[in-house]
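Structure, as structure tokens:
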Amino acid sequence: MHSAVQEALRVRGLHGVPSRCTCNDPQESRADKLLRYANLPHGSRTFDGFTQREGTEEALQAARAFAQGDGSHILVLVGGVGSGKTFLLEAIGREVLARNGLVKYQYVPTLLEEIRQTYHDDSGESALEVMEAYRRSPVLLLDDLGAENPTPWVAEQVTTLVDERYRAGGRLAVATNLTYGDVDRLYGPRLASRLWDAATGLVRNVTMTCPDFRTGQVPAR
């Protein structure tokens, strides 16, 4: 197994998974580890299963390109509830896994709660270890930025993760229903500048204008 994969699995506690499964298929065992590490929220969301609607075309194309390692290192999908942002993030993850790559998905409020839990006396993991696990994944998928309470501490944690990817060239896909103005106001100009960077070619920001697939309503902006 590639050393980067081994280390990422070790950091997230997957080192206890046997290197070979009982069926003596080492490739399947490795795939199982990568799938567990990926933490994808559903079972079968792929690009082929995405229902394209008016207002999703650019996002679908951008997500496919990102999953294949093409284009900008950072992809930001902006859209309302029910626009398909989470579906596309998971489809990216499935495509990366299909290419034998290492990817990590996380719902942003859950990530922040993981960090908060390390501050308890009985925690067996440090905040540094939690953050390091996300830093080490070659592809990071952060879902629903803005669903959490944007306290100064939250803003600092999220900005740190994004800024590290921005400066180091790591691949990152973010889904949010916030506008540039929202992020600037709630998280600060540094994060907004990174996620809406239109000058360097490092970031592709796509707005999904389709209605909520559940209700047919377009959220007010």
Least distance between heavy atoms, Val206 atom then Ala62 atom | CG2-CB, 4.0 Å

With sequence neighbours left out, the residues meeting side-chain hydrogen bond (donor to acceptor under 3.5 Å, both in side chains) with Glu164 are Arg135

Enter the distance from Asp144:CG to Thr86:OG1 here, rounded to the nearest 0.5 Å.
-> 6.0 Å

For Ile115, does its backbone N or O pair with a side-chain atom of Thr118 as donor and acceptor, under 3.5 Å?
-> yes

Can you give each donor-acceptor pair under 3.5 Å made by side-chain atoms of residues 151-158, sequence neighbours left out, with the distance rounded to 0.1 Å?
unit_1 : atom_1 : unit_2 : atom_2 : d
Thr151 : OG1    : Val154 : N      : 3.2
Trp153 : NE1    : Tyr119 : OH     : 3.4

Please, which pairs that meet salt bridge (Lys or Arg N to Asp or Glu O under 4.0 Å) have at least one residue in residues 46-57, sequence neighbours excluded?
-> Asp48-Arg64

What residues, two or more places apart in sequence or in another chain, satisfy salt bridge (charged side-chain N to carboxylate O under 4.0 Å, His left out) together with Arg165?
-> none

Solution key, residues 188-198 side-chain donor-acceptor pairs under 3.5 Å, sequence neighbours excluded:
unit_1 : atom_1 : unit_2 : atom_2 : d
Arg190 : NH2    : Asp163 : OD2    : 2.6
Arg194 : NE     : Asp163 : OD1    : 2.7
Arg194 : NH2    : Asp163 : OD1    : 2.9
Asp197 : OD1    : Ala199 : N      : 2.8
Asp197 : OD1    : Thr200 : N      : 3.2
Asp197 : OD2    : Tyr166 : OH     : 2.8
Asp197 : OD2    : Thr200 : OG1    : 2.4

Sort and list the pairs that fulfil salt bridge (Lys or Arg N to Asp or Glu O under 4.0 Å) and have at least one residue in residues 67-84, not counting sequence neighbours.
-> none

Residues which pass side-chain contact (heavy atoms from CB on, under 4.5 Å) with Ala98, listed by chain and number, not counting sequence neighbours | none

Taking only residues two or more places apart in sequence, or in another chain, which ones meet Tyr105 in a side-chain hydrogen bond (donor to acceptor under 3.5 Å, both in side chains)?
-> Asp143

Search all heavy atoms of Gly170 against all heavy atoms of Ile74 and return the closest pair with its distance.
-> O-CG1, 4.3 Å

In terms of heavy-atom contacts, Ala173 and Ile92 come closest through CB-CD1, 4.2 Å

For the residue pair Tyr107 and Glu113, confirm or rule out a side-chain donor-acceptor distance under 3.5 Å.
-> no

Say whether, by atom type as modelled, one donor and one acceptor occur between the side chain of Asp184 and the main chain of Gly181 under 3.5 angstrom.
-> no

Show your reasoning for whether side-chain contact (heavy atoms from CB on, under 4.5 Å) applies to Thr160 and Val162.
-> CA-CA 6 Å; Thr160 295; Val162 172; over 6 Å; no

Mind checking whether Val130 and Leu128 sit in one hydrophobic cluster, side chains of I, L, V, M, F, W, Y counted as touching below 4.5 Å?
-> no

Any salt bridge (Lys or Arg N to Asp or Glu O under 4.0 Å) involving residues 77-90? Give me the pairs, sequence neighbours left out, ordered by first then second residue.
-> Glu90-Arg94

Of all residues at least two apart in sequence or in a different chain, which pass the side-chain hydrogen bond (donor to acceptor under 3.5 Å, both in side chains) check with Ser72?
-> none

Identify the two heavy atoms, one from Leu142 and one from Leu89, that lie closest to each other, and give their separation to 0.1 Å.
-> O-CD1, 3.7 Å

Apply side-chain hydrogen bond (donor to acceptor under 3.5 Å, both in side chains) to Asn205 and list each qualifying residue two or more places apart in sequence or on a separate chain.
-> none

Side-chain heavy-atom pair Val78, Asn177 within 4.5 angstrom cut-off = no

Does any pair with a residue in residues 44-98 pass ring-ring contact (aromatic ring centres under 6.0 Å, His included), and if so which ones, sequence neighbours excluded?
-> Phe50-Phe87

